[in-house]
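Input: a single structure, listed below in structure tokens.
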Amino acid sequence: MATGRRSAGLRLCATVFLLDMAFCKGFVEDLDESFKDNRKDDIWLVDFYAPWCGHCKKLEPIWNEVGLEMKNIGSPVKVGKMDATSYSSIASEFGVRGYPTIKLLKGDLAYNYRGPRTKDDIIEFAHRVSGALIRPLPSQQMFEHVQKRHRVFFVYIGGESPLKEKYIDTASELIVYTYFFSASEEVVPEYVTLKEMPAVLVFKDETYFVYDEYEDGDLSSWINRERFQNYLTVDGFLLYELGDTGKLVAIAVIDEKNTSIEHTRLKSIIQEVARDYRDQFHRDFQFGHMDGNDYINTLLMDELKVPTVVVLNTSNQQYFLLDRQIKNAEDMVQFINNILDGTVEAQGGDSILQRLKRIVFDAKSTIVSVFKSSPLMGCFLFGLPLAVISVMCYGIYTADTDGGCAEERYEVSRSDSESRGPTEESKEQEPRSGDALVPTVQGPKDVLEKKKD
């Protein structure tokens with residue numbers, strides 16, 4: 001009886017789950033070739049996928065949730081998906097080169113999504129890009145609301161100017177990453193001090209920083225560097241994004257599940273340096289921590305012990321390892337200064353030798369991962385070709401050996417026959433012991449020769 005109830009409950013749960021999935025799918029449109037002509041009338045968030053792609057299948061339930069959420073909040077953005085293998089010409093027109101590819105299409109513009117594939121991050125991207133490029137902040141209350149909602153955002157303060165034109169151009173390029181606002185000087189909080197107008201500010205880490213063309217260089221490069229918080233929880237995706245900033249990344253590699261003093265101490269030291277030495281290092285360094293050493297070991301092709309500190313140069317694949325014990329923030333500051341003045345030796349890089357090493361390392365890692373995940377599949381994929389090659393090599397080797405032996409036997413038999421030939425002839429000519437000497441009978445040919453003589 002209990003078993004029957006349990007089975008009925010499982011069937012009910014399965015039915016509810018399937019109905020829920022079908023309900024969510026109803027808010028994601030399957031797009032075809034007609035989409036090319038009709039899309040400009042609306043704003044579209046599109047997932048270009050391939051039916052055989054594992055990452056696409058993993059994204060599918062998340063994408064269905066995105067469609068449902070966008071419908072529930074009344075967003076003007078429509079959510080759709082397109083099989084890029086069936087409609088390859090349309091996918092190529094939008095610059096799709098991998099799967100899945102998420103794009104927001106707005107008029108003639110197409111914005112690539114490069115963030116984490118989570119529902120909240122995708123929806124945030126859609127809201128940011130589908131709205132106004134530069135959003136006005138008409139009041140202090142609105143300004144405070146934006147501060148509470150966004151961890152990092154940029155504000156242009158002032159009237160029309162060449163700086164505003166550069167700001168608009170940069171926003172059109174980097175809107176996929178962060179928010180851009182404009183405001184008058186009266187709207188800005190009282191604690192903000194401006195030496196001159198117009199100005200561009202970034203608000204983050206509970207403070208603000210003003211763009212200085214002389215010290216910070218190009219506005220677009222400065223915004224690209226400053227769009228991150230000063231201290232981050234680092235993963236593989238974020239490291240890839242940080243590569244565009246040109247900054248060195250100081251990371252405490254720890255085990256977050258380990259609550260020992262050594263793990264928490266290194267994390268606290270990095271946080272303290274990021275906070276207290278921000279003005280000194282923010283142009284050259286990004287700070288954060290990473291949970292576990294699996295990714296960093298793959299990146300460095302080395303085995304780092306946890307906990308430790310590593311400084312990465314993501315632009316040229318170089319890295320710096322500790323040459324001292326870090327006891328406090330002052331030790332870490334000294335280590336950073338030594339990196340800047342060239343005292344600490346850089347490892348890795350993107351030389352030809354390192355690239356060859358990377359190829360060997362990746363091949364080895366692939367083979368190991370295949371055998372770990374599926375030993376039978378690993379034996380089939382790698383064992384079968386090796387067996388075929390071994391059989392071929394053995395056949396070639398034995399063929400050469402047999403040929404050599406045959407030639408050797410032939411040479412030996414020929415030499416034996418030659419050595420035995422004269423001996424047997426001489427034996428035939430020599431008289432046997434005990435036999436009388438018999439005069440040689442001359443043949444007719446010998447007689448004729450004598451007569452001629």
Review point. Which residue pairs pass the side-chain hydrogen bond (donor to acceptor under 3.5 Å, both in side chains) test when at least one of the two sits in residues 148-158, sequence neighbours left out?
Key: Tyr156-Ser161
Review point. Is Tyr240 atom OH crowded by more than 12 heavy atoms from other residues, nucleotides or ligands, each under 6.0 Å away?
Key: no
Point to revise | Glu213 atom CD, neighbour heavy-atom count above 12 within 6.0 Å | key: no
**Study point:** Tyr211 vs Tyr167, ring pair (Phe, Tyr, Trp, His ring centres under 6.0 Å): CA-CA, chis, key distance, verdict
**Key:** CA-CA 11 Å; Tyr211 167 68; Tyr167 183 72; 9.9 Å; no
Review point. Which is it for Met332 and Glu272 under the side chain to side chain contact (heavy atoms under 4.5 Å, CB included) test, yes or no, and what are the steps along the way?
Key: CA-CA 10 Å; Met332 188 64 204; Glu272 183 179 348; over 6 Å; no
Review point. For the residue pair Phe153 and Phe181, does the interplanar ring angle fall in the parallel (under 30°), tilted (30 to 60°) or perpendicular (over 60°) class?
Key: perpendicular
Exercise for review: Verify whether the ring centers belonging to Trp44 and Phe35 lie closer than 6.0 Å.
Suggested key: yes
Check your understanding: Between Asp205 and Arg275, is there a side-chain N and carboxylate O pair less than 4.0 Å apart?
Key -> no
Check your understanding: Under a 4.5 Å cut-off applied to non-hydrogen side-chain atoms, are Asp169 and Leu219 in contact?
Key -> no
Review point. Considering all heavy atoms of both residues, which atom of Gly288 and which atom of Tyr231 are nearest to each other, and what is their separation?
Key: CA-CE1, 3.6 Å
Exercise for review: Flag the pair Leu104 / Val176 as yes when at least one side-chain heavy-atom distance between them is below 4.5 Å, and no otherwise.
Suggested key: no
Review point. Under a 4.5 Å cut-off applied to non-hydrogen side-chain atoms, are Asp302 and Tyr319 in contact?
Key: yes
Exercise for review: Would you indicate whether Lys71, at its atom NZ, is surrounded by more than 12 heavy atoms from other residues, nucleotides or ligands within a distance under 6.0 Å?
Suggested key: no
**Study point:** Pair Tyr177-Arg114, side-chain donor/acceptor within less than 3.5 Å
**Key:** yes
Check your understanding: Checking Arg278 against Phe209: charged group under 6.0 Å from the ring centre and within 45 degrees of the axis?
Key -> yes
Review point. Parallel under 30°, tilted from 30 to 60°, perpendicular over 60°: which one fits the rings of Phe287 and Phe285?
Key: parallel
Review point. So, does Asn328 use its side chain to make a donor-acceptor pair with the main chain of Asp331 at under 3.5 Å?
Key: yes
Review point. With a 4.5 Å limit on heavy-atom distance, are the side chains of His282 and Glu226 in contact?
Key: yes
Exercise for review: Specify the closest pair of heavy atoms between Pro100 and His55, including all atoms of both residues, with the distance to one decimal.
Suggested key: CD-CB, 3.7 Å
**Study point:** Phe180 vs Ile223 side-chain heavy atoms within contact, under 4.5 Å
**Key:** yes
Exercise for review: Verify side chain to side chain contact (heavy atoms under 4.5 Å, CB included) between Glu173 and Asn224, making sure each step is shown before the conclusion.
Suggested key: CA-CA 10 Å; Glu173 177 186 355; Asn224 195 41; over 6 Å; no
Exercise for review: Using only heavy-atom distances, determine whether the side chains of Tyr179 and Glu124 contain a donor-acceptor pair under 3.5 Å.
Suggested key: yes
Review point. Does some side-chain heavy atom of Ile73 sit less than 4.5 Å from a side-chain heavy atom of His127?
Key: yes
Exercise for review: Please report the C-alpha distance between Asp120 and Thr118 in whole Å, then the side-chain angles of each, then the deciding distance to 0.1 Å, and finally whether the side-chain hydrogen bond (donor to acceptor under 3.5 Å, both in side chains) criterion is met.
Suggested key: CA-CA 6 Å; Asp120 293 339; Thr118 64; over 6 Å; no
Check your understanding: Within a strict 4.5 Å, meaning less than it, do heavy atoms of the Thr170 and Trp222 side chains meet?
Key -> no
Exercise for review: Indicate whether any N or O donor in one side chain lies under 3.5 Å from an N or O acceptor in the other, for His289 and Glu256.
Suggested key: yes
**Study point:** Distance-only donor-acceptor check, side chains Ser260 and Glu262, under 3.5 Å
**Key:** no
Review point. Has the side chain of Lys267 got a donor or acceptor atom that lies under 3.5 Å from a matching backbone atom of Ala252?
Key: no
**Study point:** Check: Met197 and Ile157 side chains under 4.5 Å, non-hydrogen atoms
**Key:** yes
Review point. Going through the distances and angles, do Trp63 and Leu45 end up as a side chain to side chain contact (heavy atoms under 4.5 Å, CB included)?
Key: CA-CA 10 Å; Trp63 198 250; Leu45 183 65; 3.5 Å; yes
Point to revise | Pair Lys57 + Glu60, salt bridge at N-O below 4.0 Å | key: no
**Study point:** Derivation of the side chain to side chain contact (heavy atoms under 4.5 Å, CB included) call for Val273 and Val333
**Key:** CA-CA 7 Å; Val273 173; Val333 169; 4.3 Å; yes
